[in-house]
Structures are given as structure tokens and as C-alpha cells.
Amino acid sequence: QAKSTGNSPLCFFDPQMQAQVRERSEIDAGLRMALEKQQFLLHYQPQVDDTGQIIGAEALVRWKHPEQGLISPARFIPVAEDNGLILPLGHWVLETACQQLALWADNPARAHLTIAVNISAKQLSQAHFVDQVMEVLQRTGAPAQRLKLELTESALVHEIESIIDKMNSLKMHGVGFSLDDFGTGYSSLAYLKRLPLDQLKIDQSFVRDISFDANSADIAQTIILLAERMKISVLAEGVETQLQQSALRERGCHHYQGYLFGRPMPIEEFEGELLRR
Ligand code: C2E
Ligand code: MG
Ligand code: MG
Ligand code: MG
């Protein structure tokens, strides 16, 4: 019945799907060019404590497209993960963030700031990942203690033993690890205990509804207690309102990131924020 209007019984693609496929292949082709032409930049989003002090930043990549303007990573990171370009792109992100860390390290008023860098599963699964990170740290002069690598649960599904080894090696040099979007993936509590993590990040989906949905509030509370038990820190992402912040604070979370404290912004603006506060 549903197909009765079509004159061809072999119509596999609806127009919307076709548009999506086209957009993906346009992005795929564009990304190669963009890397050569250095069309990527980093925005920095403040991470703050209870007093509103900036304790660090998350580096978030943007694609400055010559015609389309700034393109969100949600549109191109999945494509880059599929076509392998996440490896050179991820390396560029790490290097650029470390250059910034090295600049801050030389300034006593900035030396305490950390930068969190998102790492894809493909990067982490590379045999030389540890060497690469160490090489970038040495070459840029960034202090390892100020670098935080954000992993998602999906990065931890395969080759878990080898990933734990890599994390331990980097951790010995001072690099920190944060588990991003926590609660949305497939973490098993059994291996969560074995991962040398420094932080859990409460996913924004739980933060969004925390002040009116008991279920979200319970999940946030559980993540906070879990972090306490693991003796690691916890940071809430996607905090947009004071109500959300106080709901988190009441439950024992004291580190935040979200539009309430600042959007991801170019480094010049971020530096301005540091001076303003
Ligand atoms: P993520 O790592 O979970 O980053 C947080 C996302 O939430 C960012 O989106 C940020 O702009 C957004 N956000 C921050 N505060 C708020 C808020 O208060 N409300 C709302 N609604 N959103 C907020 P963005 O920058 O579009 O990045 C999306 C995702 O793309 C990131 O999610 C991360 O998974 C990925 N990504 C970004 N940069 C990189 C990168 O350099 N490498 C890799 N592998 N992935 C990246
Ligand atoms: Mg992140
Ligand atoms: Mg996140
Ligand atoms: Mg996310």
C-alpha cells in the first residue's frame, strides 16, 4: 500500500536519504582539501569551578569552509572517522592544543589551566598513539600534567587490554583522561574500575533535564557518587541555566562546562574572558 504511488517498484532511495548521501560525499571530498589548505581551527570552551573561576578549556575543532562558513564537528567528524582523515586531523588538533598549553605554561597567571582534547577510537587504537602524544608534548614543550584526553565509551569497546596499557603509559608521564558523554554508551562497570581515569563527564542529556526530571537527576547523582567512589573528579557538560548548576552542586558536582559559563570561542576571546574574570 505504501509503495502504490511510485511507478517504479525498484526505488531504494528517498530524496532525503539521497540528500544525506550527497552531503556526506561532499564532506568526504572537501575534508581532504581542507586539511591541505589548513581550513581547521580550534575553539575553546571554558571549564569552571563553583566560584566561576576558569580552570581550563575543552578544545573543539571547527571547519572554516570558504563558502559555507564554520561547519560543526558533528557534521564532519563522523565522516573523518570513516575515511581515516581523523588521524591527520586529530594529530593537528592535539598539536595545536599543545602549542597553546605551552604558551600558557610560560605565563604564571595561566600555568594552572588545562586543555581537554577529544580523541577518536581510531586514534587510540593506533599502535603508535602513545609515542605520538609524547612526541607532540616534547616538541611543543607543553606540560603533560595540563593535557587531558577525552575518550568516549565507544573508544573503549575494542582491544580494551591494549587501550588500558596505552592509558597507563601516558598517565605515567602525567597525561590525564576524562570519559566523555558518560552514561550514553556501553560502559561495563567491571572494566570502568580498571581504566586509569581522572574524570567522568556527565553527558549534557542528563544535565538538560536535571531540574525537572527525576530520572535524569538520579542518573546524574549516580555518576557523581560513582566518581567519588573511584576517587576521580566529575564535570557536568551542557550547563545552560543557574537552576541546572545548583541541582548539580547540591548533588556534589563542582566542575561545569556549558553556555552558562561561555560558548566555545576563538582563543583571542578566551584570553579576554580570562582577563575579565
Ligand atoms: P563533546 O566532546 O561532547 O563536546 C561538547 C559539545 O557540546 C560541543 O559541541 C559543545 O559546543 C557543545 N556544548 C557545550 N556547552 C553546551 C551547552 O550548554 N548546551 C548545548 N546544547 N551544547 C553545548 P561541538 O563543538 O559541536 O562538538 C560536537 C562533538 O564533536 C564533540 O562532543 C566531540 O564528540 C566532537 N569533536 C569536537 N572536536 C573534536 C576533535 O577535535 N576531535 C574529535 N575526535 N572529536 C571532536
Ligand atoms: Mg568532549
Ligand atoms: Mg561530551
Ligand atoms: Mg558529545
Write down the atom of Val136, the atom of Glu95, and the distance for their closest heavy-atom approach. CG1-CA, 3.7 Å
Let me see the working for Asp203 and Ile223 under side chain to side chain contact (heavy atoms under 4.5 Å, CB included), right down to the final yes or no. CA-CA 10 Å; Asp203 188 65; Ile223 296 173; over 6 Å; no
In plain terms, say whether Lys201 and Glu58 are close enough for a salt bridge, that is, a side-chain N and a carboxylate O under 4.0 Å apart. yes
Where Tyr191 and Leu156 come nearest, the two heavy atoms and their spacing: OH-O, 3.6 Å
Shortest non-hydrogen contact from Asn118 toward Gln123: O-OE1, 4.1 Å
Salt bridge between Glu81 and Lys122, side-chain N to carboxylate O under 4.0 Å? no
Can Arg263 be said to sit on top of Tyr259's aromatic six-ring, NZ or CZ under 6.0 Å from centre and within 45° of the ring axis? yes
State whether a side-chain donor-acceptor pair under 3.5 Å links Gln47 with Gln257. yes
Go through it in stages, so that I can follow the logic: the residues are Gln99 and Thr140, the test is side-chain hydrogen bond (donor to acceptor under 3.5 Å, both in side chains), and I'd like the CA-CA distance, side-chain angles, deciding distance and then a yes or no. CA-CA 5 Å; Gln99 283 164 354; Thr140 57; over 6 Å; no
Taking all non-hydrogen atoms of both residues into account, name the closest pair between Leu101 and Pro143 and its distance. O-CD, 4.1 Å
Near His65 NE2, under 6.0 Å, is it more than 12 heavy atoms from other residues, nucleotides or ligands? yes
Begin with the C-alpha distance, continue with both residues' side-chain angles, and end with the deciding distance and a verdict on side chain to side chain contact (heavy atoms under 4.5 Å, CB included) for Val133 and Lys166. CA-CA 11 Å; Val133 175; Lys166 288 173 188 165; over 6 Å; no
Which residue pairs pass the side-chain hydrogen bond (donor to acceptor under 3.5 Å, both in side chains) test with at least one member in residues 127-136, sequence neighbours excluded? Glu135-Arg139
Would you call Arg22 and Glu26 a salt bridge, taking side-chain N to carboxylate O under 4.0 Å as the test? no
Nearest heavy-atom approach of Lys171 to Phe177 is N-CE1, 4.3 Å
Taking NZ, NE, NH1 and NH2 as the nitrogens, is one of them in Arg110 or Asp106 under 4.0 Å from a carboxylate oxygen of the other? no
Not counting sequence neighbours, which residues clear ring-ring contact (aromatic ring centres under 6.0 Å, His included) with Phe261? List them please. Tyr256
Shortest non-hydrogen pair, Glu153 vs Gly185, comes out as OE2-N, 3.0 Å
